[in-house]
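Here is how names work: the chains are called A, B, and so on, in the same order as the sequence lines, proteins then strands, and each is numbered from 1. Values below: all heavy atoms of this structure, side chains included; hydrogens, waters and symmetry mates excluded.
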Amino acid sequence: MTQPDATSQEMAKSYDPRATEDRVYEFWERRGYFKPRPDASKEPFCIVMPPPNVTGELHVGHALTDTVEDILIRWHRMLGDPTLWVPGVDHAGIATQNVVEKQLAKEGLSRHDLGRDEFEKRVWQWVGRYRPIIANQHRKLGASADWSQEVFTLDEGPQLAVRTAFKKLHDDGLIYRGERMINWCPRCRTALSDLEVEHEDQPGNLWYIRYPLVDGSDADGKPHTADEYMTVATTRPETFVGDVAVAVNPKDPRYADKVGRTVLLPVILREIPVVADEAIEMEFGTGTLKVTPGHDPVDFEIAQRVGLPTLNVMNLDATLNTEAGPYAGMDRYEARQVIVRDLEELGYLVKIEPHEMTIGVCTRCHTVVEPLMSWQWFVSMSALAAPAIDVAREGRIAFVPERFEHLYLNWMENIRDWCVSRQLWWGHRIPVWYSADEDGDRMIVTYREHVDAAPLVGTYNELRAQGITHEMIVEHATWTGIEATPIVSIETPERSPTGGGHLLQETDVLDTWFSSGLWPFSTLGWPNDTPDLKRWYPTSVMETGYDIIFLWVSRMIMMGLYCTGEAPFSTVYLHGTVRNEHGQRMSKSLGTGVDPLDVVERFGADAMRYTLITSSGPGNDMRLSDQRVEAGRNFANKLWNAARFVLAMIGEGTVRLPDRMPAADAPLEDRWILSRVEGLARSVDGQMRKFELGEAARQVHEFVWAEFADWYIEIAKVRVRGEDAAGPSPLPVLAYVLDRCLRLLHPVMPFVTEEIWQALARKLDGVDEEALIVAAFPRGESGYHDAAAEREMELLIDVVRAIRNIRAEKKVEPARFIEAYAVSDEQREMLAAGARYIETLARVKPLRVVAAMAEAPRDQAATAVLEGVTVIVPLTGLFDLAAEQARLQKQIADVEAEATRIETKLSNEQFRSRAPEKIIAVEQDRLAAVRARLDGLRAGLAELG
RNA sequence: GGGCGAUUAGCUCAGUUGGUUAGAGCGUCUCGCUUACACCGAGAAGGUCGCAGGUUCGAGUCCUGCAUCGCCCACCA
């Protein structure tokens with residue numbers, strides 16, 4: 001077998017990710033390991049990657065996504081499941097349009113200067129630049145995705161999927177066009193869905209304005225105002241020009257006699273009625289609401305209930321329109337100032353109170369959003385939501401962590417229709433056409449040939465009558481077929497069904513999340529019944545951040561069920577938000593971001609992956625700091641050096657791995673480490689199945705460092721170097737355990753493990769796998785479990801620790817060998833066998849294993865009492881009687897407290913009668929052990945005098 | 001106004017069905033350049049598990065209330 005041109009050279013003293021990662025990745029990719037390997041007998045495992053926006057480079061949130069998904073993918077690949085990870089990129093309509101517009105602005109251009117076609121070309125150039133950058137970044141992170149399957153949301157396939165889904169929804173009556181109150185971003189100049197509006201708390205004012213009540217009319221027919229007023233409280237005085245009524249609560253006695261009368265709007269001099277509606281809170285302000293149905297959703301509803309007209313007083317750029325009389329043309333905030341000033345001058349402003357309020361802003365540009373009436377396309381949600389609620393309730397889709405299911409259900413149960421049309425140029429153009437020949441008078445066209453020229457607005461026929469050709473309209477205009485009949489078609493129609501040939505495609509595009517909702521199956525070929533779709537759909541796991549459950553996850557579930565009849569995935573795994581070390585959200589503009597590639601450059605991808613996956617539990621936010629990544633890097637280095645040692649031991653030869661349970665007379669430490677690594681594999685398997693990926697990684701870390709490196713390797717050194725190297729070689733076990741560790745760790749730290757494994761595998765007999773990435777993942781089914789070995793070894797370790805502890809406390813020079821005794825009856829044989837390890841590891845020479853205290857010197861000796869063994873360390877010259885007494889007394893106090901605790905528990909009748917027998921037995925055993933230790937400690941103290 | 005999460009060692013976090021004396025990393029202290037690793041090794045110190053009740057033989061873990069912080073949802077102008 002070949003290897004990744006890798007470790008033919010000597011292993012460096014410390015692991016260098018930069019010298020490894022790109023080469024190893026290239027090896028995997030060249031060998032085609034990322035492509036699924038078919039195995040009809042196994043259940044396929046498929047993840048479709050959440051497509052990052054083409055707006056720019058990956059941030060650390062993407063690194064977490066890649067890490068989690070790559071761990072799952074690599075794990076399943078190693079389990080032998082046919083495994084596919086589909087990568088992709090999102091066109092991100094509004095976001096990408098904004099970045100490209102910003103770029104244009106630097107050249108002093110707007111998109112209108114270029115025109116729609118040219119602008120789209122510019123965006124495609126942007127895409128062409130960033131797609132490879134993004135793909136390369138995924139590679140740097142180690143993502144083992146099948147790059148031959150990479151999809152862009154504006155590729156042919158997804159385009160067809162979008163048109164097909166739109167058509168199906170429309171034909172089923174689930175997409176409709178209508179004039180509704182929507183969120184409008186005056187800067188992006190487009191409608192937004194409710195989810196694209198962020199709510200911010202802002203200090204504002206409550207302006208109290210009084211409207212004079214009308215009392216009959218003057219001789220000239222103009223309304224005559226009485227010296228009575230209705231005072232309203234508003235946060236938006238500028239909208240008073242759009243008021244159509246003043247509303248009070250029908251139960252409010254203060255205003256009962258006013259309902260039915262009219263008031264006169266100052267300045268505008270429009271007479272509007274006083275109406276009653278339950279929605280008015282009597283306690284708020286004056287209990288009187290000015291009703292502005294054109295610019296407030298609550299007011300709109302009131303107007304609908306009471307039967308009042310809607311008045312739009314704003315242009316799409318948030319300046320006031322001609323309805324605003326003297327204020328026409330002013331920006332909304334300028335108008336606010338002028339209007340407040342005017343009202344004050346005219347004596348209509350009663351007072352101003354500071355008032356905290358929440359305000360909606362555009363997610364993309366943070367401009368304050370304007371609620372206004374507009375013709376848009378909507379998806380009717382309730383019918384789509386019902387089955388999507390069922391799949392979660394019935395457990396056909398599982399949420400990890402579970403708590404997010406409630407969040408999902410709560411939102412789904414209160415779902416509202418989705419405004420899907422966007423007045424943008426970048427995106428999936430709505431597959432709707434209007435027939436100019438037939439509906440020319442029912443289409444409003446906005447024609448603009450030059451940017452600086454004011455647009456011409458009229459019906460299609462009116463513009464044609466002015467000499468503007470159909471082609472010019474197609475090129476330079478936007479239009480909306482307000483009352484025209486939409487022709488919905490998957491393919492571009494040649495002519496309308498009734499014959500008209502001048503067709504104009506709807507100029508709006510779809511919300512980016514519309515195509516995102518189709519992602520799990522549009523990437524696999526839907527609507528065509530492709531082999532990929534058959535094989536991989538429904539997918540296995542959808543992994544993404546909990547912050548887009550509504551925006552994305554819910555829509556995939558609804559659209560998946562609707563379009564394919566199946567839930568698009570069986571598990572939703574949600575990760576948290578990665579913050580910087582100060583707990584701040586990452587933000588490019590605030591400069592609080594962490595560049596994942598920079599972290600990879602400094603510490604290596606493995607270190608970052610280990611850190612990301614172990615830094616918090618599933619669904620929880622985390623903080624990423626250099627300090628933590630350093631720990632990950634250190635771990636990679638530790639593993640590297642452990643491997644370096646093992647490989648050096650093996651030298652030029654090869655090793656045959658153990659293939660059966662070690663015999664009972666095999667060395668204790670062999671039986672111990674084999675049992676431990678077996679238990680580790682079983683535990684990791686369990687954690688992985690529960691999606692506790694971080695816990696799995698931590699466990700391997702703990703094992704590699706604190707058991708394999710600290711103890712087994714140290715003991716193996718003694719075995720290999722001792723003069724009595726006649727015993728069995730530790731090499732097979734050393735190699736075997738290292739191999740297990742590499743396999744278990746590979747999904748988390750793929751680079752360093754593959755690099756080491758390639759070097760190791762060449763020295764192993766009986767390994768027929770060609771690369772770790774496709775090697776079998778251990779599941780702890782080798783049958784090496786040995787509880788007795790684990791217990792005995794633990795005791796041996798405790799003996800070493802006890803001696804080290806005494807040495808440190810008594811300040812014995814580190815290099816000096818001292819004499820020590822291990823007194824034990826039952827464990828004599830085991831201690832004798834392990835004596836040479838204890839001697840080396842604790843710097844003891846000699847260790848005398850004796851059966852009774854009488855055989856050990858008691859004068860000027862420190863004592864440590866363990867379970868079944870007492871350690872005696874003679875300290876002639878270094879001994880301090882008082883210190884030793886104090887040491888023993890402290891230990892006695894601790895152990896006595898423990899004994900008392902257990903005694904109390906065991907003498908409790910309730911405990912004895914109600915606790916399970918197993919627990920009682922455990923407590924009894926513990927008490928016996930603690931008492932034995934206590935006896936030993938007391939005897940030791942007594943002997944000191 | 002609802003909902004969710006967090007609160008465990010100086011710091012950042014684990015602790016997944018309730019059951020030994022609650023763990024890790026980093027930091028701190030004392031030693032040690034011992035031929036895998038100073039990105040290391042040995043030893044140590046450090047925690048009333050936010051507060052108050054409750055359930056239980058037994059609670060960091062379950063229940064109730066409260067506090068602080070954070071997030072999400074929501075039409076009080």
Taken to the nearest whole Å, NZ/A:Lys638 to P/B:C39 is 12 Å
Listing, residues 294-303 of chain A side-chain donor-acceptor contacts under 3.5 Å, not counting sequence neighbours, or none:
from: A:His295; atom 1: NE2; to: A:Asn312; atom 2: OD1; distance (Å): 3.2
from: A:His295; atom 1: NE2; to: A:Val313; atom 2: N; distance (Å): 3.0
from: A:Asp296; atom 1: OD1; to: A:Val298; atom 2: N; distance (Å): 2.8
from: A:Asp296; atom 1: OD1; to: A:Asp299; atom 2: N; distance (Å): 3.1
from: A:Asp299; atom 1: OD2; to: A:Thr292; atom 2: N; distance (Å): 2.7

- Item | A:Gln202 side chain reached by A:Thr358 side chain, heavy atoms, under 4.5 Å | no
Whether A:Trp705 contacts B:G41 is assessed here as follows: a side-chain N or O lying under 4.0 Å from the phosphate OP1 or OP2. Is that the case?
yes
With the side chain defined as heavy atoms from C-beta on, A:Met357 is closest, among B:G25, B:A36, B:A77, to B:A77
Among B:A14, B:C37, B:C57, the one nearest any side-chain atom of A:Asn637 is B:C37
Whichever of A:Val800 and A:His406 has the more 5' nearest nucleotide on RNA chain B, that residue is A:His406
Per atom distances to the A:Gln699 side chain, the nearest of B:U16, B:G70, B:C13 is B:U16
Atom C1', compared across B:C51 and B:C57: separation rounded to whole Å: 26 Å
* Should the pair A:Lys717 and A:Tyr837 be classed as cation-pi, given the thresholds of under 6.0 Å to the six-membered ring centre and 45° from the axis? -> no
**Report entry** A:Trp711 side chain reached by A:Ile673 side chain, heavy atoms, under 4.5 Å
**Finding:** no
From CZ of A:Phe708 across to C1' of B:C37 the rounded distance in Å is 13 Å
* Side-chain donor-acceptor pair under 3.5 Å between A:Gln699 and A:Ser683, yes or no? -> yes
Item checked: Nearest-angstrom distance, P atom, B:A42 to B:U48 -> 28 Å
Here the distance between atom C1' of B:G23 and atom CD of A:Glu702, to the nearest Å, is 9 Å
* **Donor-acceptor pair between A:Tyr255 and A:Thr288 side chains, under 3.5 angstrom** => yes
Against the side chain of A:Arg416, the closest entry in B:A44, B:A74, B:C39 is B:A74
State whether the number of non-hydrogen atoms from other residues, nucleotides or ligands found under 6.0 Å of A:Glu198 atom CD is greater than 12. yes
* C1'-based separation of B:U35 from B:U30 [nearest Å] -> 26 Å
What distance, rounded to whole Å, do you find between the two P atoms, one in B:G23 and one in B:G46?
14 Å
Rounded to whole Å, CD of A:Glu413 lies from P of B:C72 at a distance of 21 Å
Closest of B:C72, B:A36, B:A74 to the A:Ala709 side chain is B:A36
Winner on side-chain proximity to A:Arg623, out of B:U12, B:C75, B:G19, is B:U12
> Say you pick atom C1' in B:A22 and the same atom in B:U61; how far apart are they, in whole Å?
Replying inline: 11 Å
Considering only heavy side-chain atoms of A:Asn641, the closest of B:A36, B:G25, B:A14 is B:A36
Item to complete: Can you tell me, in whole Å, how much space there is between the P of B:A77 and that of B:G5?
Response: 28 Å
Note, RNA chain B 5' to 3' with Watson-Crick or G-U pairs under 3.5 Å encoded as ( ), [ ], | and . gives (((((((..((((.....[...)))).(((((.......))))).....(((((..]....))))))))))))....
Ranking B:G27, B:G5, B:A77 by distance to the side chain of A:Gln627, first place goes to B:G27
Quiz item: Using atom P of each nucleotide, how far apart are B:C4 and B:A9 to the nearest Å?
Solution: 26 Å
RNA chain B nearest-nucleotide lookup for A:Gln910 and A:Arg579: closer to the 5′ end is A:Gln910
A:Asp243 CG to B:A77 P, in whole Å, measures 16 Å
* For B:C11 versus B:C76, give the span between their C1' atoms, rounded off to a whole number of Å. => 43 Å
Per atom distances to the A:Ile713 side chain, the nearest of B:U20, B:A36, B:C72 is B:A36
Task: Distance below 4.0 Å between A:Arg628 side-chain N/O and B:G25 OP1 or OP2 - done: no
message: More than 12 heavy atoms of other residues, nucleotides or ligands under 6.0 Å from CD of A:Glu356: yes or no?
response: yes
In whole angstroms, the gap separating C1' of B:A74 from CG of A:Asp201 amounts to 12 Å
Practice item. Check the side chains of A:Glu903 and A:Thr900 for a donor-acceptor pair under 3.5 angstrom, ignoring hydrogens and angles. Key: no
Which of B:G19, B:A36, B:C76 is nearest the side chain of A:Phe284? It is B:C76
